[in-house]
There are 2 protein chains.
Amino acid sequence: MSETLTARDDEARAEQVYQLVLEGIVAGRYEQGVRLRERELSELYNVSRIPVREAIQRLEQDGFVETFPRRGAVVRQLTLTDVNELFDVRLCLETFAARMAAVRVAAGEPGSRLQELLDDTRQAIDDDRTDDVVRLSAAFHAEIVRLSGNRLLIESVKPLFGRMRWIFGLAHNRSNELQRDEHMELCNAILGGKADLAYTLAYSHIELGREPVLMGLAQTLEP
Amino acid sequence: MSETLTARDDEARAEQVYQLVLEGIVAGRYEQGVRLRERELSELYNVSRIPVREAIQRLEQDGFVETFPRRGAVVRQLTLTDVNELFDVRLCLETFAARMAAVRVAAGEPGSRLQELLDDTRQAIDDDRTDDVVRLSAAFHAEIVRLSGNRLLIESVKPLFGRMRWIFGLAHNRSNELQRDEHMELCNAILGGKADLAYTLAYSHIELGREPVLMGLAQTLEP
DNA sequence: CCCGGCTCTTTTGTATACCAAAAATAGATT
DNA sequence: AATCTATTTTTGGTATACAAAAGAGCCGGG
């Protein structure tokens, strides 16, 4: 499990540290509430403290850790409130994204990638590749936001998607089959340029995801 | 105009550099497209490069500068598209915030600070303190988001408010009197716990702000 | 036994000095 | 004039050092 960074790797060190720590948090190797010490991480990953600091700053930005002045960073404690807040904000932004995506498709934007993702998901479900199903589902949501064409929206949603990945890792999800059906309906609405329908479908799809996640998290939180 | 940091100032250096550069951008002292060199800033503000880097990172997060690998940061170029995207995302988030604020007030949350801000705005308009009017108007919007009680929403909106301050600095605004009237209506709806009305009023208030800003910016952009 | 204060240690935030490599720039050449 | 080349800047990163704050441990008193 040597996660040492190869010395000559022209991608930014900070980015790599960010990814590695994030992976650790999402995978549960860094438990909630654990302190992230700069020295510790810099030694573990064989980098100096500067890229570590940069990574931690970004982790804070994306809601995975909390930092306190002169006391450093700790992995955040996920609460049911966090999940509810996340779903509320997703409802705001992703429903708008779905509507805009439909509008832009109607205006001639090519939206083929959505269908592709659905096809891949079909395959992944049939092959029982659960990780891929989750990844493709997230990619589907991200693709809708991308289709909306609003760069600020894309930027604003990015931290939400990071959190979602985390939460879905902790609290397991409802039926992949059901979700794919909803995605298909939503995809058809968008590719058909039906803005209002896309909005409504996105809304109910996201809202349907809330309860199961809350239930799942409630169990992992207090066993 | 020596902006040197006093040596013994127990607020974080990075934070101060962030504020100073931000001030410079918003005030137009750093023009759009200008490069921000780390060495330059660190000498100007009498700090080392570390807090400067941290400040620049945060400025990028908040959409004021753009960084390119190995080429550093430049002050962003504001376009009409940026403004439109900003208003679209604001419509998503702030209307939701207004609705939630009303819901929470109806559920017993004290919302007195809104009325206070309106009173102060009244005074500021009468005294012709334009800067204060702008500041108070921004504070009014921020207070609604705060009242929504959704911490993730508050966090998500923060970078938007930063951009607004910048844009409003470049493109002047419509009548303060009209805006205050709209704020008052919205305030009454929220304090009366009328969620749907608050939503509608917030929507039209924000949307009414779009055109004037676009017009104003179009002029300053190509004279 | 618990509490308040007193060291001692750890960790952050920052400074300084330095380096490799990529960009920008100036200069030389065709 | 345009292109290739050499020189300087600038970034991204390392290593090391240090003051000051936070935390841990210890100690004595109620």
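Just so we're on the same page: letters track the sequence lines, and every chain starts at 1.
- Taking only side-chain nitrogens and oxygens, Arg70(A) never comes nearer than 4.0 Å to OP1 or OP2 of dA20(D).
- Taking the centre and axis of the six-membered ring of Phe96(A), the NZ or CZ atom of Arg99(A) falls outside the cone set by 45° and 6.0 Å.
- The separation between Leu41(A) atom CG and dT14(D) atom P is 14 Å, rounded to whole Å.
- Across the protein-nucleic acid pair, Glu43(B) atom CD and dT9(D) atom P stand 13 Å apart, rounded to whole Å.
- The distance between atom CD1 of Ile56(A) and atom P of dG13(C), rounded to the nearest whole Å, is 9 Å.
- Whole-Å rounding puts the Glu40(A) CD to dT10(C) P distance at 13 Å.
- The distance from atom CZ of Arg71(A) to atom C1' of dA24(D) is 14 Å, rounded to the nearest whole Å.
- As rounded to whole Å, 13 Å separates atom P of dG12(D) from atom CD of Glu15(A).
- Set against dG13(D), dA15(C), dT11(D), the side chain of Ala12(A) has dG13(D) as its closest nucleotide.
- Applying the 4.0 Å criterion to OP1 and OP2 of dG13(D), one finds that Arg53(B) has a side-chain N or O inside that range.
- When rounded to the nearest whole Å, the span between CD1 of Ile50(A) and C1' of dG13(C) equals 11 Å.
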- request: Kindly determine whether Glu155(A) and Val89(B) satisfy side-chain contact (heavy atoms from CB on, under 4.5 Å), including the steps that lead there.
  value: CA-CA 11 Å; Glu155(A) 222 181 282; Val89(B) 177; over 6 Å; no
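- Between Arg35(B) atom CZ and dA22(C) atom C1' there is a gap of 11 Å when expressed in whole angstrom units.
- Within the 4.0 Å cut-off from OP1 or OP2 of dT9(D), not a single side-chain nitrogen or oxygen of Arg39(B) is found.
- Counting any heavy atom pair closer than 4.0 Å across all strands shown, Leu36(B) reaches sugar-phosphate atoms only and no base atom.
- Look at Arg37(B) and you'll find a side-chain N or O under 4.0 angstrom from OP1 or OP2 of dT10(D).
- Atoms CD1 and CD, on Ile190(B) and Gln115(B) in that order, are 11.5 Å from each other to the nearest 0.5 Å.
- With rounding to the nearest 0.5 angstrom, the CD1 atom of Ile25(B) is 11.5 Å from the CG atom of Leu20(B).
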field: Candidate pair Gln61(B) and Gln57(B), rule side-chain hydrogen bond (donor to acceptor under 3.5 Å, both in side chains), full reasoning
entry: CA-CA 6 Å; Gln61(B) 271 174 40; Gln57(B) 220 186 310; over 6 Å; no
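- A donor and an acceptor atom sit less than 3.5 Å apart, one in the side chain of Arg49(B) and one in the base of dG12(D).
- Within the structure, a side-chain polar atom (N or O) of Arg13(A) is placed less than 4.0 Å from OP1 or OP2 of dT14(D).
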